Amino acid sequence: MDEIEQPDQASTERRRIRVWFGEHTIADYTALAPLAERYAAAMSRRFAGCRVTNDPLPVVLPRDLPAPPAERLWQTLTP
């Protein structure tokens, strides 16, 4: 039986990198884990005195999204 290759979870995990100046975010970037690591390392070198965070983004499943409104929120324009 052939095994189906599953992508490595670390390579498909989305991460959020932020550079902080005190309590203010001065850079905010989202990417897959390998690229996020490179970005975080580069920002740490560029902004040596600032805190750089690298947090996982939660996976949002379709069942977790709110239902669309029942009524139409705008009128459609017809020619």
Side-chain angles (χ1 to χ4, degrees):
M1 184 180 276
D2 293 326
E3 281 189 36
I4 298 174
E5 289 186 27
Q6 296 293 330
D8 182 21
Q9 182 181 2
S11 65
T12 59
E13 179 186 23
R14 295 190 56 80
R15 311 282 298 181
R16 182 179 187 190
I17 294 79
R18 287 182 281 185
V19 179
W20 299 86
F21 183 74
E23 63 184 47
H24 304 284
T25 305
I26 58 174
D28 194 337
Y29 182 72
T30 303
L32 294 177
L35 187 56
E37 290 296 327
R38 287 180 46 203
Y39 183 82
M43 291 296 103
S44 293
R45 287 188 304 272
R46 175 70 172 95
F47 299 99
C50 295
R51 181 170 53 108
V52 177
T53 58
N54 186 346
D55 302 313
L57 284 177
V59 176
V60 178
L61 300 175
R63 68 175 182 262
D64 297 334
L65 297 174
E71 70 279 355
R72 186 180 300 172
L73 300 177
W74 57 86
Q75 296 296 323
T76 58
L77 300 176
T78 56

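Along the sequence shown, residues carry numbers from 1. Just so it is clear, the model here is predicted, and its values are computed rather than measured.
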| query | Measuring from Tyr39:OH to Thr30:OG1, what's the distance to the nearest 0.5 Å? | reply | 9.5 Å

| task | Applying ring pair (Phe, Tyr, Trp, His ring centres under 6.0 Å), name anything that partners Phe47, two or more places apart in sequence or on another chain. | result | none

| query | Which residue pairs satisfy the ring pair (Phe, Tyr, Trp, His ring centres under 6.0 Å) criterion with at least one member in residues 52-73, sequence neighbours excluded? | reply | none

| remark: Residues passing the side chain to side chain contact (heavy atoms under 4.5 Å, CB included) test with Arg63, sequence neighbours excluded, are Leu61

| field | Any residue meeting side chain to side chain contact (heavy atoms under 4.5 Å, CB included) with Pro58, in chain and number order, not counting sequence neighbours | value | none

| Would a 4.5 Å heavy-atom cut-off, applied to side chains only, mark Leu35 and Tyr29 as touching? | yes

Side chains of residues 15-28: which donor-acceptor pairs under 3.5 Å do they make with residues two or more places apart or in other chains?
residue	atom	partner	partner atom	Å
Arg15	NE	Asn54	OD1	2.9
Arg15	NH1	Glu13	OE2	3.3
Arg15	NH2	Asn54	O	2.7
Arg15	NH2	Asn54	OD1	3.4
Arg16	NE	Asp28	OD1	3.0
Arg16	NE	Asp28	OD2	3.3
Arg16	NH2	Asp28	OD2	2.5
Arg18	NH2	Asp55	OD2	3.4
Trp20	NE1	Thr53	OG1	3.1

| task | Kindly state each residue pair satisfying salt bridge (charged side-chain N to carboxylate O under 4.0 Å, His left out) with at least one member in residues 34-44, sequence neighbours excluded. | result | none

